[in-house]
Amino acid sequence: MYAIIDCNSFYCSCERLFRPDLLHQPVVVLSNNDGCIIARSDEAKSVGLPMGLPYFQARPLIQQHRVAVFSSNYALYGNLSMRVMDTLRHLLPSGTVEVYSVDEAFLECSHIAPDQVASFALELRHTVEMWTGIRVSIGVAPGKVLSKMANRLAKRKKQETGCVLVLDDPDKIRQALLDTEVGDIWGIGRRYADKLRAMGINTAWQLRHMPEEWARKNLGGVIGVRMIRELNGIPSIPMKDPLEVKKMISTSRMFGRTVTDAAEIRQAVAAYLSRAAEKLRRQGYAAGLIDVYVVSNGTSGGEYAYDPQRDHRYVILPRATSLTSELLEQALPLVDQLYRPGVRYLKAGVILSELVPESAIQSDLFSDSPSSSAGQKLMEALDNINFSNGADTVRFASSGMARTWRMKQEMRSRRFTTHWNELFEIT
DNA sequence: TCTGGGGTCCTAGGACCC
DNA sequence: TCTGGGGTCCTAGGACCC
């Protein structure tokens, strides 16, 4: 059996943890740049605020129902996520927890007797809430797809299920499949859902009875075949090895306003690259390739304009590196190749790929410094200062001083758990 | 005026090789 | 006028996820 454990309205729960006065109030959290709604408490859902609604469109409803609004506070969410995941790893045998996203983890439960699974799940839910203050929902079933389905149904019927649902016999599975529309299956996105409905397939139960060969042709090849098997209770999506190396690290942001100045684009790219390099070092990798891209405002206004030929450049590094200075040196010239005067830019981004473990860097035949250990010490010092004193305390001058292009975050709560000067105070 | 950011996997098709 | 078969590697693009 597989379980998925999922934090309820995670970002909102994090905000409420330090604002108990909001416990039964509607709460929403906004995307970067305070652009749109990305998390809603149950109360906010029930006043009719949909996911992804632009903030400016949501404003009337927000005022009418006195909804508490927060800018996203990733320092806080990341730290609380770590606490939840640590709790799971503490309570389960090693190798059975797969962190799937900031607020979800799959558990492989073969070590638990089938008749114990339900009580174990309830216990787990209770412990996570006691230790972290975060409420979770748990779905258990044979396979990841069915466990996601169980989780979804558990949340939908909180009162009856206590946020835990175990699909452990054919009748329960059948009922769950009948109760799930194709578009609500994990792995079926909007495109496939439209396609399936056009073919008269509306429920997971109907999809389950389609032949594998049909799925191979119509649902993305092997992905479709795995889907049919999972729906039939045959686990076909394995647990992921937590040690697997990442393939890319990317950092991108919308600007707080449109930007037309090349110097400002360079600053933004320098800042995103610094951030990406920090992630790179934290995970112990070096990058062999840098991608830089920009997105502009379409000529007719409104629309995003991105043309890979025109708006994206990359450079292959002579030697993989994780030093911000070396990466900057290679990446900044790309900006000048991309930049077109007079264009209104909305966003820029940096992608680091061809990642290799720092310990296994291929040195280049002609480089004079075998491994730039002074540079590495400098980066270590930089990362330590920025970790303990807050991001960007020390940064490269190329990332700019005034930085008026930076995103808006006007309603961010304090970083209660990660910054000494922002601790929760009791008076 | 105002619509996020960070990922993964898979396939098709072109270039190239023997 | 005729013009193979088998393979690898790479990239772009589509689809999905939270």
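Throughout, a chain's letter reflects where its sequence line sits, starting with A, and its residues are numbered from 1.
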Task: Distance, rounded to the nearest Å, where A/Asp184 contributes CG and C/dC18 contributes C1' - done: 15 Å
Task: Where at least one partner belongs to residues 120-154 of chain A, residue pairs that pass ring-ring contact (aromatic ring centres under 6.0 Å, His included), sequence neighbours excluded - done: A/His90-A/Trp131
Task: Between B/dC16 and C/dG4 - C1' atom distance, rounded Å - done: 16 Å
- [ ] Identify whether any heavy atom of A/Lys144 sits under 4.0 Å from a base atom; if not, whether one sits that close to sugar-phosphate; answer base, sugar-phosphate or nothing.
- [x] nothing
Open item on the list: Under 4.0 Å between a side-chain nitrogen and a carboxylate oxygen: does that hold for A/Arg66 and A/Glu43?
Closed with: no
Open item on the list: Taking any heavy-atom pair under 4.0 Å as a contact, classify A/Ile37: base, sugar-phosphate, or nothing.
Closed with: nothing
Open item on the list: Students often get this wrong, so: under 4.0 angstrom with heavy atoms, is A/Leu30 touching a base, only sugar-phosphate, or nothing?
Closed with: nothing
- [ ] Tell me what A/Lys195 touches on the nucleic acid: a base, only sugar-phosphate, or nothing, going by heavy atoms under 4.0 Å.
- [x] nothing
Open item on the list: From CZ of A/Arg59 over to P of B/dC2, roughly how many Å is that when rounded to an integer?
Closed with: 13 Å
TODO: Classify the angle between the aromatic ring planes of A/Phe18 and A/Phe416 as parallel (below 30°), tilted (30 to 60°) or perpendicular (above 60°).
DONE: parallel
- [ ] Return the value, rounded to whole Å, for the distance between atom CZ of A/Arg191 and atom C1' of B/dT11.
- [x] 16 Å
Task: Spacing between A/Met227 atom CE and B/dC9 atom C1', to the nearest angstrom - done: 13 Å
Open item on the list: On the nucleotide B/dG6, are OP1 or OP2 found under 4.0 Å from the side-chain N or O atoms that A/Ser252 carries?
Closed with: yes
TODO: May I ask you to verify if any side-chain N or O of A/Lys247 is less than 4.0 angstrom from the OP1 or OP2 atom of B/dG7?
DONE: no
TODO: Check the surroundings of atom CD in A/Glu181: do more than 12 heavy atoms from other residues, nucleotides or ligands lie under 6.0 Å from it?
DONE: no
- [ ] Verify the contact: side-chain N or O of A/Arg226 to OP1 or OP2 of B/dC10, cut-off strictly under 4.0 Å; return yes or no.
- [x] yes
TODO: Indicate yes or no for a side-chain donor-acceptor contact from A/Ser71 to the backbone of A/Met411 under 3.5 Å, with no hydrogens or angles considered.
DONE: yes
- [ ] Please state how far atom CG in A/Asn33 lies from atom P in B/dT1, giving the value in whole angstrom units.
- [x] 17 Å
Result block: side-chain N/O donor-acceptor pairs under 3.5 angstrom for residues 262-275 of chain A, not counting sequence neighbours:
unit_1, atom_1, unit_2, atom_2, d
A/Glu264, OE2, A/Arg257, NH2, 3.0
A/Glu264, OE2, A/Thr404, OG1, 3.4
A/Arg266, NH1, A/Asp336, OD1, 2.5
A/Gln267, OE1, A/Trp405, NE1, 3.0
A/Ser274, OG, A/Ala270, O, 2.7
A/Arg275, NH1, A/Glu278, OE2, 3.4

Open item on the list: Output the rounded distance in Å from CZ (A/Phe10) to C1' (C/dC17).
Closed with: 17 Å
Task: Minimum-distance nucleotide to A/Asn32 side chain [options: B/dC2, B/dG4, B/dT8] - done: B/dG4
Task: Pairs satisfying side-chain hydrogen bond (donor to acceptor under 3.5 Å, both in side chains), at least one member in residues 232-248 of chain A, at least two apart - done: A/Arg208-A/Asn232
Task: Sugar-phosphate only, base, or nothing, as touched by A/Leu53 at under 4.0 Å among non-hydrogen atoms - done: nothing
- [ ] List for me each residue that meets salt bridge (charged side-chain N to carboxylate O under 4.0 Å, His left out) alongside A/Arg83, sequence neighbours excluded, and say none if there are none.
- [x] none
TODO: Indicate, with a heavy-atom threshold strictly under 4.0 Å, whether A/Thr251 touches base, sugar-phosphate, or nothing.
DONE: sugar-phosphate
- [ ] Take atom CD1 of A/Ile351 and atom C1' of C/dA12, then tell me their distance rounded to the nearest Å.
- [x] 13 Å
Task: Minimum-distance pair of heavy atoms, taken over all atoms of A/Cys109 and A/Tyr2 - done: SG-C, 4.4 Å
Task: Whole-Å gap separating C1' (B/dG4) and CZ (A/Phe255) - done: 14 Å
Open item on the list: Please confirm whether the shortest side-chain N or O distance from A/Lys279 to OP1 or OP2 of B/dG6 is below 4.0 Å.
Closed with: yes
Open item on the list: What I want to check is whether the side chains of A/Ser137 and A/Asn8 have a donor and an acceptor closer together than 3.5 Å.
Closed with: yes
TODO: Indicate, with a heavy-atom threshold strictly under 4.0 Å, whether A/Arg253 touches base, sugar-phosphate, or nothing.
DONE: sugar-phosphate
Open item on the list: Please determine whether a side-chain nitrogen or oxygen atom of A/Ser250 lies at a distance below 4.0 Å from atom OP1 or OP2 of B/dG7.
Closed with: yes
Open item on the list: So that I can tick it off, tell me whether A/Glu212 and A/Arg229 are bridged by a salt bridge, with the cut-off set at under 4.0 angstrom between side-chain N and carboxylate O.
Closed with: yes
Open item on the list: Using a 4.0 Å heavy-atom cut-off, does A/Val102 contact any base of the nucleic acid, only the sugar-phosphate backbone, or nothing at all?
Closed with: nothing
TODO: With heavy atoms under 4.0 Å as the rule, sort A/Arg190 into base, sugar-phosphate or nothing.
DONE: sugar-phosphate
- [ ] Name the residue closer to the 5' end of DNA chain B, choosing between A/Tyr55 and A/Val245 according to the nucleotide with the nearest heavy atom.
- [x] A/Tyr55
TODO: Just call it for A/Lys246: base, sugar-phosphate, or nothing, with non-hydrogen atoms closer than 4.0 Å on any strand.
DONE: sugar-phosphate
Every protein N/O within reach of nucleotides 13-16 of chain B N/O, cut-off under 3.5 Å:
none

Open item on the list: Counting runs of three or more consecutive pairs, Watson-Crick or G-U wobble, with each distance below 3.5 Å, where are the stems of DNA chain C?
Closed with: B:5-18 with C:5-18
Task: 5′-ward residue of the pair A/Gly220/A/Lys408 relative to DNA chain B - done: A/Lys408
- [ ] Give me the ring orientation class for A/Tyr77 and A/Tyr11: parallel if the planes are under 30° apart, tilted from 30 to 60°, perpendicular past 60°.
- [x] parallel
Open item on the list: Considering every strand and a 4.0 Å limit on heavy-atom distances, what is the contact class for A/Asp103: base, sugar-phosphate, or nothing?
Closed with: sugar-phosphate
